[in-house]
Asker: 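My structure is below; once you've seen it, I'll send some questions.
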Amino acid sequence: MLINDGKLDALVKKAMAAFNTLSPEEQRAHRREQSISWAVEQSLMSRFEHGKPDLTPEEEMDLRQRVADAYDHRRAEQKDIDEP
């Protein structure tokens, strides 16, 4: 069991306050990068768990670009749906 001495809560509040000071465009860019990073790391972790070799830096860059393209495509589709 983790002991909560308030340090983690303070760090979370500090991070949230910093994020909330960003402009809407900066927040969107931050969310985009976080989403791409999460998806890429999940893919890399899955490869590791299945005993597959690590990707070369070039392959990882290609994966990151494909994930970014998919993210941007889905956001564009969502924007089309959200517009009246």
Asker: Under 3.5 Å, side chain of Glu41 to main-chain N/O of Trp38, donor-acceptor pair present?
Answerer: no
Asker: Under 3.5 Å, side chain of Asp62 to main-chain N/O of Glu58, donor-acceptor pair present?
Answerer: no
Asker: Looking at Lys7 and Asp5, what are the two nearest heavy atoms and their distance?
Answerer: N-OD1, 3.1 Å
Asker: Working to the nearest 0.5 Å, report the span between CZ of Arg66 and OG of Ser43.
Answerer: 8.0 Å
Asker: Quick one about Ser37 and Gln34 (side-chain donor to acceptor, distance below 3.5 Å, no hydrogens or angles considered), yes or no?
Answerer: no
Asker: Do NZ/NE/NH1/NH2 and the carboxylate oxygens of Arg74 and Glu77 come within less than 4.0 Å?
Answerer: no
Asker: Tell me if the CZ atom of Arg47 is crowded by more than 12 foreign heavy atoms within 6.0 Å.
Answerer: yes
Asker: Within the supplied structure, the quantity of interest is the number of heavy atoms (other residues, nucleotides, ligands) at a distance under 6.0 Å from Phe48 CZ; does it exceed 12?
Answerer: no
Asker: Starting from the C-alpha separation in whole Å, work towards a yes-or-no answer on side-chain hydrogen bond (donor to acceptor under 3.5 Å, both in side chains) for Ser46 and Glu49.
Answerer: CA-CA 5 Å; Ser46 178; Glu49 290 172 344; 5.2 Å; no
Asker: Side-chain donor-acceptor pair under 3.5 Å between Arg75 and Gln78, yes or no?
Answerer: yes
Asker: Considering all heavy atoms of both residues, which atom of Phe19 and which atom of His30 are nearest to each other, and what is their separation?
Answerer: CE1-CD2, 3.5 Å
Asker: Checking Leu63 against Glu59 for the side chain to side chain contact (heavy atoms under 4.5 Å, CB included) test, could you report, in this order, the C-alpha distance in whole Å, the side-chain angles of both residues, the deciding distance, and whether it holds?
Answerer: CA-CA 6 Å; Leu63 172 62; Glu59 291 170 327; over 6 Å; no
Asker: I need the Leu44 CG to Asp54 CG distance, nearest 0.5 Å.
Answerer: 8.0 Å
Asker: Could you go through the side chain to side chain contact (heavy atoms under 4.5 Å, CB included) check for Ile36 and Arg32 one step at a time?
Answerer: CA-CA 6 Å; Ile36 292 167; Arg32 178 183 183 272; 3.6 Å; yes
Asker: Hey, is Lys13 close enough to Asp9 for a salt bridge, meaning N to O under 4.0 Å?
Answerer: no
